[in-house]
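Just below is one structure, and these are the notes that go with it.
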2 protein chains.
Amino acid sequence: MKQADENSAKRRRRVTAQDVADAAGVSRSAVSRAFTKGAYLDAEKRENIHKIAADLGYKPNALAASLQGSRSQLVAMFVGEMRNEYDKEVAAKMIAGLNAAHHWPVVIGGSGDAAREAVDRVLSYPLDALILRSGSLDADIVEKCAKLNIPMISSGRLLEAPNVDNVCCNNADGMIAATRYLVGQGRRKFGYIGGPEGYFSTPQRRHGVAAGLAENGLALVAEEAGDYTADSGYRAAEQLLSSGVAMDALICANDAMAFGALSALADHDISVPDDMSVIGFDDIAMAKWPAFRLTTVRNPMDLLVDTVIDLLDRRLANATRPAETIFLATELILRETH
Amino acid sequence: MKQADENSAKRRRRVTAQDVADAAGVSRSAVSRAFTKGAYLDAEKRENIHKIAADLGYKPNALAASLQGSRSQLVAMFVGEMRNEYDKEVAAKMIAGLNAAHHWPVVIGGSGDAAREAVDRVLSYPLDALILRSGSLDADIVEKCAKLNIPMISSGRLLEAPNVDNVCCNNADGMIAATRYLVGQGRRKFGYIGGPEGYFSTPQRRHGVAAGLAENGLALVAEEAGDYTADSGYRAAEQLLSSGVAMDALICANDAMAFGALSALADHDISVPDDMSVIGFDDIAMAKWPAFRLTTVRNPMDLLVDTVIDLLDRRLANATRPAETIFLATELILRETH
DNA sequence: TGGTTTTGTGCACACGTGTTCACATACAAG
DNA sequence: CTTGTATGTGAACACGTGTGCACAAAACCA
């Protein structure tokens, strides 16, 4: 009776070190030591404990262990809305990279109040760090993390604060290089499809294009703004074409909008690259698909992931290291639309 | 001196309920009560504690609280390699859905040994559940979870085990509907680009196409296999075209491969849909991009996410509920490639 | 044999929380 | 004044783990 009660009660519970200890006829300490590398325990007994533990399906509860003061290995990652393909691609790579480095990402998405509340709630876990990847969040998150002693790494935009490391693609330089190249190819009448307000990259990329043109005594002849989706790129291109302004080059603030623009140009029987050069930004996987073969500015995603994880590991190794801001170099990828 | 030591030591630690209690001049119990809904505490004192807590940046440690026996709210989600766009899209939606339902997904990606090891490690956290989304994992994960009392929900493929809920798109029916429709449109010579071996959906979709043709006394005239990426679709289509077999319809096991196939057809000046119908499967966001406007079979992602979360919540509410397997109906989406 | 070192293990504490229990205070009723 | 009843609140325990400390047993040496 009592036995049955105990069994049914245990059925609901997670197997605990005490259960293994009872089964093996040793103390709970011995079980703990059997799973702690470098701890002092008779080899034979350790093996026996491991065997019984495997049999019972025991795993030390990482959270209870983290109460001891060690790291939880949990890392929160805020990814914004993941509406465009670049964000999804980076998120996927980041998850893989964190896994490989034995950090476990608790992923938060969305925008606005819901996102703010979600991040707030997730801060109640003992996180090793918070990674901001795209999306915009209230600035007071920085203060909250500082008080909770949770290091932050921002990779979508620059967050100027002590204890916040930043990784950032050199947006302006990338656009300058693209513009220079097209000018060198003889293009003169540049149109531009920019990003939405509120994104960190929007003014930077816009500025890069303007600077690249200015150093050749040129300026944009036409301009529209999209929201970084392919649909908005299509609409923006339609708008530019219907305005009647003559263009021979169209620079887009990201690849997805460039794809949309390419479709609009095709619908208008404008040949690319004969009549018009099109250049994107990011070099997402799709850019090299046969349907697009897009000339674009590479936003180095793999390097971004590696850099973020490197900063994270170094931050965990040394909490007082001064915050760093790292800029990543872009690269012009020539395919078939320039 | 002692004061300074204490301060610098505390600087490293997370703010704790005891710290707030000291600052507020109450017991730690009072602080805990101040943050526990429905607990008994003087209203004025509760307000004061909240104020001081906000000032210090205190948040109850969710993990320490979960030791009490309550749920951790952590949910592991295995997402496979996330190589194709469908997987990324579903993962993004699932993350958003879980967040909205106040579950916090610890996301694991990858494949092979690394993935197996990562999932194994993540099981050391006190998870409320494990969601399998795509990808393939050793079958012994089911047994491990059973022993650890972690409920599982599989959505990529059917996992026949007690305590594993399944959500699955009705692959065969979707393909039957697509095939029937094309036959009704007068198509007779069907080619097929299938998925890679090892995926749960591969034989089901293949079977659906065969069944749809068989009921009209037809059979496939040509067939190739890809790996669910656009590139592989392009190569497979090239292969089919170079074989010289005449076709008037090409069914692809997913949208990404259909995109690749469309490019190959364009390169060969084969007009879609005049000379050839092309149908995909999934209806990912890109399918309606102006560049593709792909006719396809909708794999209902939003419904998938809702269903998984519903199953999760019901499982948490009732651990002994018998495992369910839910099939989701597909829908033929007619655009411009049929 | 007696003393000293090595080897192995259990006890007890700490981590941060929620909650039960007992106790103190205040106040109303008899 | 005594008794009974609300109303708050602190002390103590439990959750599952890692580890310092003490202690026992065994091995070694003289």
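Here is the naming used below: chain letters follow the sequence lines, and residue numbers restart at 1 for every chain. Both backbone and side-chain heavy atoms feed into the values below; hydrogens, waters and symmetry mates do not.
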For the pair A:Glu89 and A:Lys93, find out whether any cationic side-chain nitrogen is under 4.0 Å from an anionic carboxylate oxygen. no
What are the residues of residues 47-60 of chain B, sorted by number, that bring a heavy atom to within less than 4.0 Å of DNA chain C? B:Tyr58, B:Lys59, B:Pro60
Can B:Asp87 and B:Arg83 be counted as an ion pair, charged N to O under 4.0 angstrom? no
Spacing of B:Gln68 atom CD relative to D:dG16 atom C1', expressed in whole Å: 11 Å
Taken to the nearest whole Å, CZ/A:Phe35 to P/D:dG16 is 16 Å
Grab the CG-C1' distance between A:Asp42 and C:dT7 for me, whole Å please. 9 Å
Would B:Val79 and B:Met94 count as a side-chain contact (heavy atoms from CB on, under 4.5 Å) here? Give the steps. CA-CA 10 Å; B:Val79 294; B:Met94 195 79 83; over 6 Å; no
Would you say C:dG18 has OP1 or OP2 under 4.0 Å from some side-chain N or O of B:Ser32? yes
Check ion pair B:Asp120-B:Arg116 (N to O, under 4.0 angstrom): no
Kindly say if A:Lys45 contacts the phosphate of C:dG8, meaning a side-chain N or O under 4.0 Å from OP1 or OP2. no
Output yes when B:Asp128 and B:Arg315 qualify as a salt bridge under the 4.0 Å nitrogen-oxygen rule, no when they do not. no
Ranking B:Ala64 and B:Gly25 by the position along DNA chain D of their nearest nucleotide, the one closer to 5' is B:Gly25
When rounded to whole Å, the OH to P distance for the pair B:Tyr40 and D:dG8 reads 5 Å
In whole Å, what is the span from the NZ atom of B:Lys37 to the P atom of C:dT19? 14 Å
Is there, by distance only and without an angle test, a donor paired with an acceptor across the side chain of A:Arg46 and the base of C:dG8 below 3.5 Å? no
Would you call A:Ile326 and A:Leu328 a side-chain contact if the rule is heavy atoms closer than 4.5 Å? yes
Quick one: which residue pairs count as a salt bridge (Lys or Arg N to Asp or Glu O under 4.0 Å) with a foot in residues 154-164 of chain A, not counting sequence neighbours? none
Sequence-aligned protein contact record of nucleotides 20-27 of chain D, with B where the base is within under 4.0 Å of a protein heavy atom and S where only the sugar-phosphate is: B-------
Note: B:Arg28-B:Asp22 ion pair, threshold 4.0 Å (strictly below): no
What is the nucleic acid contact for A:Thr36, judged by heavy atoms within less than 4.0 Å: base, sugar-phosphate only, or nothing? sugar-phosphate
Base, sugar-phosphate alone, or nothing: which one does A:Leu41 contact when heavy atoms must sit under 4.0 Å apart? sugar-phosphate
Please report the distance, rounded to the nearest Å, between CG in A:Asn61 and P in D:dA14. 18 Å
Between the side chains of A:Asn48 and A:Glu44, does any donor sit under 3.5 Å from an acceptor? no
Round to the nearest Å and state the distance from A:Leu67 atom CG to C:dG16 atom P. 7 Å
May I have the distance from B:Gln18 (atom CD) to D:dG10 (atom C1'), rounded to whole angstrom? 12 Å
Distance below 4.0 Å between A:Thr16 side-chain N/O and D:dT17 OP1 or OP2: yes
Between B:Val122 and A:Gln73, does the side-chain contact (heavy atoms from CB on, under 4.5 Å) criterion hold? Intermediate values first, please. CA-CA 10 Å; B:Val122 107; A:Gln73 306 292 115; over 6 Å; no
